[in-house]
S.K.: 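I have a structure here, written as structure tokens, and I will follow up with some questions on it.
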Amino acid sequence: MQPQRSGAVRRTQSVQSFIPRRAWNETETMSSDVTATTATYLERILDEVHPMMAEALYLAAVPVWFNADLFAAMRQVDDGRNSGLIERLLRYSFVRTLSTTEDETATYAIRPDERVFLQRRWIARDRPAYLTAHQRALTYWQTQPDPNPQRQRRLILYHLLFVDQAAGINFLIDSFRLYHKERQITEIERLLDTVTDARFYLVVLKQDLTLLDDLLRHMWARVNQLRGLWPSSLQTLAELRAKPTLSPLLRPYVIRAHGESLAQLGHFVEAIAAYKETLALFDAEEQRLRQPQTAPAAQPQAASSITDLGRVQIERAYTRLALGDAYVGLAEATREYNPPAMPEPTSRLHQLRDFAIFLLSLPLLVYMSFYLGRRVWHPRFWPILLNLDWIVTRLFVSGANQYRLADRLLEQHAEPAESVAADEKLAYLYLSLDDNQQAEALFRRLLAEEDAPLGSYRRLSVNLGLAEAL
């Protein structure tokens, strides 16, 4: 049994009606969350107990839950009193035992109201000590093996936002992408709830949360996309895109997500324009990062290091994949007829017909060969040309070109598991072109990949493509 999350702020709205700004404004008047009786009671306790015990109460309130090892890591005093302090903590009714795991490690938590009060009081009285406790908790979770990597990721994120907000935002983006690729919606929601819990106390610390707030709103819109709520996500992302004060570091992410909603609703031309604007913004960001930073202090902490060159290259790659999808989607929407897969030519009449197609389509074949390779010169490919004109062909070829450009970037800068993303897109493109044999070969190669094995969701998607090709 794992400890249950007991953060002070809960997400009560449904995903599609989630309005971060309204909910967070309510948390900024946190005095209403702690009753006067509770405040008076805790004030009296903290004034009367020994300073060591008061520190123990403060430390216990910092994490969402704690165990003996975490408590010792945050206290960092080797006087043999940690177990005794925890014993005394448990005498208070607001300190609860959550569970005892199989290895007999007990976990504890302070009730939300008391936890809010204790953290507010400690921030007001000793802000550096409060932040040091988060630093020590972060170090503990970064070095502590945990059989639940998703839970460990959330705990690292929670404390990292207090220690280094910029690093926390980068960690959030990486974690979001990891879960997004595998469509792990529940884990994404837990991740974003963790950030919302941390934000409650970041407000008390008076940190600049403009970038974090907009990023969270953007990510909730992406969750709506995963759920297929495209009109809802389109509205949220359009509002963010039109926001004059939106961070230039976040703007390309928002525009790209807006383009994805546009494409899913059939607005391919607008989506292509959005993706091209996104690429231009990432190009500008790359140029900025390559220039010597003369005055880094002029930017807010969270904005100064949210991007680096490697990250920009990966984001450019994913933007090119999306742009390729939009080109292919527009080609399929423009194409008048999708011919069924044709059997192997057997008669001389079929061969003559295919040779005639070859001669008439020679310029088209030369053009396609630059992007689709020598395969287009095989007679088996020629029947596909029957229902292709220059406009549709150019759209398909543009999609293939974007996939190949993305593939190069992912091979150079991304993790091995990410580097095969473009190959799957290319396999589906061949499927759209009714070149089922080549699609089958690519899908089988992806399934047999050992250096970059597919995740569970990607394996299902590739198996579906293979089934369609067969």
Side-chain angles (χ1 to χ4, degrees), residues 3-10 24 26-99 105-141 155 158-163 194 196-207:
Q4 299 299 312
R5 192 173 63 83
S6 59
V9 179
R10 304 287 187 181
W24 293 337
E26 291 171 359
T27 68
E28 292 176 10
T29 56
M30 287 185 290
S31 59
S32 63
D33 295 327
V34 181
T35 65
T37 303
T38 300
T40 303
Y41 171 62
L42 288 174
E43 286 281 6
R44 187 169 67 248
I45 289 176
L46 292 168
D47 288 340
E48 293 177 356
V49 299
H50 190 277
M52 187 183 298
M53 194 62 207
E55 182 193 34
L57 285 165
Y58 288 141
L59 288 172
V62 168
V64 177
W65 57 268
F66 66 97
N67 56 28
D69 291 340
L70 177 57
F71 182 81
M74 288 191 297
R75 187 164 177 258
Q76 285 196 1
V77 179
D78 189 14
D79 56 4
R81 296 184 178 182
N82 290 333
S83 58
L85 287 170
I86 292 177
E87 229 175 275
R88 291 188 63 186
L89 284 172
L90 293 174
R91 296 176 189 174
Y92 295 106
S93 61
F94 54 84
V95 182
R96 301 173 294 171
T97 300
L98 294 179
S99 66
T105 301
T107 56
Y108 317 98
I110 292 182
R111 281 192 319 215
D113 281 0
E114 286 81 356
R115 186 167 173 254
V116 169
F117 176 87
L118 288 167
Q119 290 195 73
R120 283 174 56 89
R121 193 176 196 265
W122 203 16
I123 290 170
R125 297 198 170 205
D126 197 343
R127 178 192 178 103
Y130 174 80
L131 294 175
T132 298
H134 277 289
Q135 175 65 74
R136 292 172 178 174
L138 172 64
T139 302
Y140 173 83
W141 286 116
L155 293 167
Y158 181 82
H159 296 292
L160 188 56
L161 287 168
F162 292 92
V163 175
T194 297
T196 304
D197 288 346
R199 189 195 183 282
F200 190 91
Y201 301 103
L202 292 170
V203 169
V204 183
L205 289 165
K206 294 182 171 56
Q207 293 198 16

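Side-chain atoms are counted along with the backbone in the values below, which use heavy atoms only and exclude waters and symmetry mates. As the structure is a prediction and not an experimental result, all values here were calculated from the model.
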S.K.: For Phe66 and Ala109, which heavy atoms make the closest approach, and how far apart are they?
M.R.: CE2-N, 4.3 Å
S.K.: Working to the nearest 0.5 angstrom, can you tell me the gap between Phe162 CZ and Leu205 CG?
M.R.: 6.5 Å
S.K.: How long is the straight-line distance from OG1 of Thr40 back to CD1 of Ile45, given to the nearest 0.5 Å?
M.R.: 11.0 Å
S.K.: Indicate the atoms forming the closest heavy-atom contact of Tyr140 with Ala73, along with that distance.
M.R.: CD1-CB, 3.8 Å
S.K.: Grab the two heavy atoms, one from Pro112 and one from Arg96, that are nearest each other, plus how far apart they are.
M.R.: CD-NH2, 4.3 Å
S.K.: Please tabulate, for side-chain N and O atoms in residues 49-63, each donor-acceptor pair with protein atoms closer than 3.5 Å (sequence neighbours left out).
M.R.:
| residue | atom | partner | partner atom | Å |
| --- | --- | --- | --- | --- |
| His50 | ND1 | Met52 | N | 3.0 |
| Tyr58 | OH | Arg121 | NH1 | 2.6 |

S.K.: Just checking Asp78: does its CG atom have more than 12 heavy atoms from other residues, nucleotides or ligands closer to it than 6.0 angstrom?
M.R.: no
S.K.: So which atom in Val64 and which in Arg115 form the shortest heavy-atom distance, rounded to 0.1 Å?
M.R.: N-NH2, 3.5 Å
S.K.: Would you call the rings of Tyr158 and His134 parallel, tilted or perpendicular if under 30° counts as parallel and over 60° as perpendicular?
M.R.: tilted
S.K.: Using a 4.5 Å cut-off on heavy atoms from C-beta on, say whether the side chain of Phe117 contacts that of Leu46.
M.R.: yes
S.K.: Which pairs, with at least one residue in residues 80-95 and sequence neighbours excluded, count as a side chain to side chain donor-acceptor pair (under 3.5 Å)?
M.R.: Arg75-Asn82
S.K.: Nearest 0.5 angstrom please: Thr105 OG1 to Leu70 CG, how far?
M.R.: 12.0 Å
S.K.: Quick check for you: to the nearest 0.5 Å, what is the distance between Leu89 atom CG and Phe94 atom CZ?
M.R.: 8.0 Å
S.K.: Could you measure the distance from the OH atom of Tyr201 to the CZ atom of Arg120? Nearest 0.5 Å is fine.
M.R.: 10.0 Å
S.K.: What's the separation between atom CG in Leu161 and atom NE2 in His159, rounded to the nearest 0.5 Å?
M.R.: 10.5 Å
